[in-house]
Amino acid sequence: MSQQLLTTTKLLDLDFVRSHFPALAHNWTFFDNAGGSQILQPVVERMTEFLYDSNVQLGASYDVSQVASERVAQGTAAIAQLINAPDPDTVILGSSTSALFRILAHCLGQTLQPGDEIIVTNCAHAANVTPWMELQQQGITVRIWPVDPNSLELRLEDLEPLMTSRTRLVAVTHTSNVLGTINPIRTIADRVHAHGALICVDGVAYAPHRLGNVQALDVDFYAFSLYKVYGPHLAMLYGKRQHLLDLPGYNHFFIDQTAIPYKFQPGGASYELSYGLTAIPQYFQALAQHHWGEDVTMTPVEQIQQAFDLIQHHEETLSDRLLIFLRSKSNVRIIGCSDADASKRVPTISFTVDGVNSDTIPPQIDRHKIGIRYGHFYALRLIQALGLMPQNGVVRVSMVHYNTVEECDRLIALLDALF
């Protein structure tokens with residue numbers, strides 16, 4: 001690094017932050033951000049610019065097509081910068097994380113033999129479980145790495161007995177979209193690699209809150225949804241270059257198998273949405289520069305890390321506010337870590353109320369123009385393991401950095417009146 005990153009003691013300038021999100025001016029409080037965040041105004045502006053000025057097919061010789069091709073390439077490069085990927089070619093764009101993991105499982109599955117083994121967790125979104133489970137149809141053995149029933153954490157000592165000489169892949173979530181718990185991905189990756197296996201990480205619930213530095217994490221595959229990271233409805237999948245070159249493609253048979261990422265993108269990704277992605281890392285850089293000033297000695301990734309340091313500090317305050325309230329209620333069970341420590345969790349907080357069906361709570365909040373949610377959130381195996389389906393899953397409050405303490409206090413006052 002060109003210099004030591006600053007340890008944040010600054011308060012996040014919420015006026016500056018919220019000025020980038022026009023939807024926040026409509027008097028709604030959005031606490032369902034884990035399902036999809038609000039979009040940055042510059043993202044929409046770039047999408048509009050593409051459609052008005054360069055809405056043609058890529059790859060032709062005429063000038064407008066050349067501009068369109070360059071803009072789409074800039075979008076992929078922006079996401080590579082956001083995750084500190086070594087090369088834009090290692091970033092695949094697609095319609096959703098679920099779709100991208102299905103493509104990956106289809107392609108990787110063709111390289112596996114009957115008797116090979118894959119490990120999945122019981123706390124993950126189905127996107128990083130179901131495609132791997134379906135490989136059982138071709139003789140692949142799938143083992144389950146369960147969360148500890150008391151701590152609701154994934155323990156490394158429970159992974160070790162599951163791994164054998166036939167283990168080919170471990171599929172794990174960086175952060176549970178129900179529990180909010182941050183898993184130690186680099187430590188897990190080191191353990192997995194020591195056994196000669198690959199690691200595939202679902203970063204969907206982590207990426208809005210922290211920098212997912214794929215090189216520092218040493219992950220083989222990493223995916224998340226960009227519409228949950230203040231962008232348009234796209235997702236990204238990173239893969240180490242050699243893995244992507246070695247895997248069979250998903251595109252037409254005549255596509256060059258060295259043409260990454262295109263060999264995994266039938267039809268390509270949405271052009272205007274791809275160009276809109278260029279505004280996302282620029283927003284994080286602007287956030288850092290607004291608070292600390294521009295430092296030409298810092299790399300873009302270091303500036304993005306500065307922004308996430310600010311975000312982490314603010315989000316810990318939000319988590320603490322809500323968790324203190326929930327802990328004060330003897331009839332409330334927090335599902336996951338009850339500590340707001342930002343090194344342990346993100347501000348995605350789930351809970352249940354004794355004797356109350358979870359589906360009855362959000363409708364009573366809706367009328368106050370606050371959006372929260374209930375359900376299993378596609379982490380059905382976890383909710384079933386915890387015995388929570390009879391009360392329709394959990395109530396989830398998922399906050400991000402543009403939320404305010406005042407919004408949190410409004411929600412707390414309404415929940416306090418309910419239980």
Side-chain angles (χ1 to χ4, degrees), residues 90 92 97-149 151-177 179 181 183-206 214 217-224 237-250 264 378-385:
T90 60
I92 303 163
T97 301
S98 294
L100 289 170
F101 276 144
R102 282 197 168 275
I103 290 171
L104 178 61
H106 173 83
C107 297
L108 185 62
Q110 295 178 60
T111 71
L112 301 179
Q113 302 297 321
D116 284 345
E117 299 172 0
I118 291 174
I119 297 172
V120 300
T121 74
N122 74 338
C123 63
H125 188 289
N128 201 22
V129 178
T130 302
W132 308 116
M133 297 289 287
E134 291 177 353
L135 293 179
Q136 292 175 111
Q137 298 169 14
Q138 65 183 61
I140 306 303
T141 298
V142 179
R143 302 180 185 276
I144 308 295
W145 179 13
V147 292
D148 179 85
S151 67
L152 300 186
E153 295 178 353
L154 290 172
R155 302 189 310 168
L156 285 170
E157 54 264 41
D158 295 330
L159 171 63
E160 196 67 33
L162 299 174
M163 302 199 71
T164 74
S165 61
R166 297 299 300 269
T167 303
R168 299 292 178 257
L169 179 82
V170 175
V172 66
T173 183
H174 202 156
T175 297
S176 165
N177 71 328
L179 305 172
T181 305
N183 292 314
I185 294 301
R186 179 54 195 255
T187 303
I188 297 171
D190 289 346
R191 188 73 59 91
V192 170
H193 290 151
H195 284 269
L198 305 178
I199 182 169
C200 176
V201 180
D202 175 356
V204 171
Y206 183 86
V214 295
L217 294 169
D218 195 26
V219 289
D220 297 291
F221 302 102
Y222 194 94
F224 61 82
L237 169 66
Y238 160 81
K240 287 183 177 177
R241 169 175 282 278
Q242 195 58 52
H243 299 333
L244 297 183
L245 289 171
D246 291 344
L247 287 176
Y250 192 74
F264 302 106
Y378 288 76
L380 180 60
R381 289 175 176 83
L382 175 64
I383 298 301
Q384 288 176 330

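Just so you know, residue 1 is the first one in the sequence shown, and it goes up from there. Note that the structure is predicted; figures quoted are calculated from it, not measured.
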- [ ] Mind checking the CG-SG spacing from Asn177 to Cys123? Nearest 0.5 Å is all I need.
- [x] 9.5 Å
- [ ] Locate the shortest heavy-atom distance separating His174 from Gly203; write the atom from each residue and the value.
- [x] CB-CA, 4.1 Å
Open item on the list: Assess the residue pair Tyr238 and Leu100 against the criterion (side chain to side chain contact (heavy atoms under 4.5 Å, CB included)); give the C-alpha distance rounded to whole Å, side-chain angles, the decisive distance to 0.1 Å, and a yes or no.
Closed with: CA-CA 10 Å; Tyr238 160 81; Leu100 289 170; over 6 Å; no
TODO: Please name the pair of heavy atoms, one in Gly115 and one in Arg166, separated by the smallest distance, quoted to 0.1 Å.
DONE: C-NH2, 3.3 Å
- [ ] With sequence neighbours left out, write down each residue that passes salt bridge (charged side-chain N to carboxylate O under 4.0 Å, His left out) with Glu117, or none if nothing qualifies.
- [x] Arg143
Task: Candidate list Val170, Ile119, Leu104, Ile140, test side chain to side chain contact (heavy atoms under 4.5 Å, CB included), partner Trp132, passing option - done: Leu104
TODO: Decide yes or no for Val120 and Asn128: does some side-chain heavy atom of the first lie under 4.5 Å from some side-chain heavy atom of the second?
DONE: no
Open item on the list: Walk me through whether Trp145 and Ile188 qualify under side chain to side chain contact (heavy atoms under 4.5 Å, CB included).
Closed with: CA-CA 12 Å; Trp145 179 13; Ile188 297 171; 3.9 Å; yes
Task: From OG1 (Thr130) to CG (Leu380), nearest 0.5 Å - done: 9.0 Å
Task: Asp220 side chain vs Cys200 backbone, donor-acceptor pair below 3.5 Å - done: no
Task: CG on Leu198 to CZ on Phe221, rounded to 0.5 Å - done: 6.0 Å
Task: Heavy-atom closest contact (Asn122 atom, Pro146 atom, distance) - done: OD1-CA, 3.3 Å
Open item on the list: Tell me every residue that passes salt bridge (charged side-chain N to carboxylate O under 4.0 Å, His left out) with Asp246, counting only those two or more places apart in sequence or in another chain.
Closed with: none
Task: Gap separating the CG atom of Leu382 from the CG atom of Leu179, nearest 0.5 angstrom - done: 5.0 Å
Open item on the list: I'd like to check Leu247 versus Phe264 (side-chain heavy atoms, cut-off strictly below 4.5 Å). Are they in contact?
Closed with: yes
Open item on the list: Taking salt bridge (charged side-chain N to carboxylate O under 4.0 Å, His left out) as the definition, give me every residue that meets it alongside Arg155, ordered by chain and number, with sequence neighbours left out.
Closed with: Asp148, Glu157, Asp158
Open item on the list: Quick check against the 3.5 Å criterion: does Gln138 have a side-chain atom that pairs as donor or acceptor with the backbone of Gly109?
Closed with: yes
- [ ] State the OG1-OH distance between Thr97 and Tyr222, to the nearest 0.5 angstrom.
- [x] 10.5 Å
Open item on the list: Measuring from atom CE of Met163 to atom CZ of Arg168, what distance do you get when rounded to the nearest 0.5 angstrom?
Closed with: 10.0 Å
Open item on the list: Test: salt bridge (charged side-chain N to carboxylate O under 4.0 Å, His left out). Region: residues 191-205. Which pairs qualify, not counting sequence neighbours?
Closed with: Glu160-Arg191
Open item on the list: Holding to side-chain hydrogen bond (donor to acceptor under 3.5 Å, both in side chains), I want the full list of residues that pass it with His125, two or more places apart in sequence or in another chain.
Closed with: none
Open item on the list: Going by salt bridge (charged side-chain N to carboxylate O under 4.0 Å, His left out), name the residues that satisfy it together with Arg241, two or more places apart in sequence or in a different chain.
Closed with: Asp87, Asp89
Open item on the list: As a quick check of understanding, evaluate side chain to side chain contact (heavy atoms under 4.5 Å, CB included) for Ile144 and Met133, giving each step before the final call.
Closed with: CA-CA 10 Å; Ile144 308 295; Met133 297 289 287; 4.3 Å; yes
TODO: Any chance you could lay out the side chain to side chain contact (heavy atoms under 4.5 Å, CB included) test for Leu154 and Leu159, step after step, and finish with the verdict?
DONE: CA-CA 8 Å; Leu154 290 172; Leu159 171 63; over 6 Å; no
Open item on the list: So which atom in Ile185 and which in Val219 form the shortest heavy-atom distance, rounded to 0.1 Å?
Closed with: CG2-CG1, 3.6 Å
Open item on the list: For His106 and Tyr250, take the angle between the two ring planes, folded into 0 to 90°, and tell me which bin it lands in: parallel under 30, tilted 30 to 60, perpendicular over 60.
Closed with: perpendicular
- [ ] For the pair Asp218 (side chain) and Asp190 (backbone), establish whether a donor and an acceptor sit closer than 3.5 Å, ignoring hydrogens and angles.
- [x] no
TODO: Measure the shortest side-chain to side-chain distance between Val147 and Thr181 over non-hydrogen atoms and say whether it is less than 4.5 angstrom.
DONE: no
